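Just so it is clear, the values below take in all heavy atoms, side chains as well, and ignore hydrogens, waters and symmetry mates. Proteins come first, then strands; the chains are lettered A, B, ... in the order of their sequence lines, and each starts at number 1. Since we're looking at a predicted model, the values are computed, not measured.
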Amino acid sequence: EAGVVQSPRYKIIEKKQPVAFWCNPISGHNTLYWYLQNLGQGPELLIRYENEEAVDDSQLPKDRFSAERLKGVDSTLKIQPAELGDSAVYLCASSFNPNTEAFFGQGTRLTVV
Amino acid sequence: EDQVTQSPEALRLQEGESSSLNCSYTVSGLRGLFWYRQDPGKGPEFLFTLYSAGEEKEKERLKATLTKKESFLHITAPKPEDSATYLCAVRGGANNLFFGTGTRLTVIP
């Protein structure tokens, strides 16, 4: 069974440019998470979806970050415009429901120069 | 506010030298404590879920235990391939996973 798939794996962009990340969760998983991980730190939640509904986006910097999960399957996370401080690994995870374990993708390493 | 503290930050062990990693937590209404393993450049890999105090889970050389305030990940006779960062996370009433900063384990042959 395929795991959580993220793309791209790496992205280098100049500051003020837009960037988008894509996530395909495990089939049948209704809960989807986007996390941000800085070097040497644990993942920090950005947004959680239950099907197509964003049920917790309190940590998402809404002035520049946006996310969507159309049809309750794939999800995209966008940053516009990117800032130097956005350089980090962006992780997507999914779980069958909010009470079960989450499985992570490989992440997208973003470098803003 | 949910809080997870992991210790030590880093641990170096000789191959075969058993030890334990600690995860202390504060959460409103624990709905699960999770252990993950993360290798460099990869996403966290799920290891265990514990739901109630007294519960234990085992997998190969790893054993996770849970009390009302903390969890331990015991590593018995570790091998170099066990080298990784081990992350602890809790799920509270808000249903979100809240992570600690991890313990970086190095096992020396």
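Contacts between B/Q38 and chain A at a heavy-atom distance below 4.5 Å involve the side chain alone, from C-beta outward. Contacts of A/D56 with chain B are made by side-chain atoms alone, with heavy-atom separations under 4.5 Å and no backbone atom involved. With a 4.5 Å cut-off on non-hydrogen atoms, A/Q6 does not touch chain B at all. Interface residue A/T100: only backbone heavy atoms are found under 4.5 Å from chain B.
Hydrophobic cluster membership differs between A/Y33 and A/F21, with clusters built from Ile, Leu, Val, Met, Phe, Trp and Tyr side chains linked at under 4.5 angstrom. Both B/V27 and B/V4 sit in one connected hydrophobic cluster of ILVMFWY residues. Membership requires side-chain heavy atoms under 4.5 Å apart, directly or through other members. Following chains of ILVMFWY side-chain contacts shorter than 4.5 Å, one can reach A/I79 starting from A/V112, so the two form part of one hydrophobic cluster.
Here the two rings, on A/F104 and B/Y36, have centers that are under 6.0 Å apart.
The environment of A/K71 atom NZ is sparse: at most 12 non-hydrogen atoms of other residues, nucleotides or ligands sit within 6.0 angstrom. Within 6.0 Å of CD on A/E50 lie more than 12 heavy atoms contributed by other residues, nucleotides or ligands. Atom NZ of A/K11 sits in a sparse spot, with 12 or fewer heavy atoms from other residues, nucleotides or ligands closer than 6.0 Å. Residue-environment remark: OH (B/Y51) exceeds the threshold of 12 foreign heavy atoms within 6.0 Å. Taking a 6.0 Å sphere around CD1 of A/I12, one finds it holds 12 or fewer heavy atoms contributed by other residues, nucleotides or ligands. Atom CD of B/E9 has 12 or fewer neighbouring heavy atoms from other residues, nucleotides or ligands inside a 6.0 Å radius. Other residues, nucleotides and ligands contribute over 12 non-hydrogen atoms within 6.0 Å of the CG atom of A/L84.
Between the CG atom of A/L45 and the CG atom of B/D2 there is a distance of 11.0 Å, given to the nearest 0.5 Å. Separation of atoms CD (A/Q41) and CZ (B/F99) is listed at 13.5 Å; rounding is to 0.5 Å.
Between B/N96 and A/P98, every side-chain heavy-atom pair lies at or beyond the 4.5 Å cut-off.
Contact residues of residues 61-93 of chain B toward chain A are B/L87, B/R91 (heavy-atom distance under 4.5 Å).
Each of B/F46, B/W35, B/F48 was evaluated against A/E101; a single residue qualifies, B/F46, per the side chain to side chain contact (heavy atoms under 4.5 Å, CB included) test.
At distances below 3.5 Å, at least one donor-acceptor pair connects side-chain atoms of A/Y35 with backbone N or O atoms of B/L97.
A search for side-chain hydrogen bond (donor to acceptor under 3.5 Å, both in side chains) contacts involving A/E44 returns nothing, not counting sequence neighbours.
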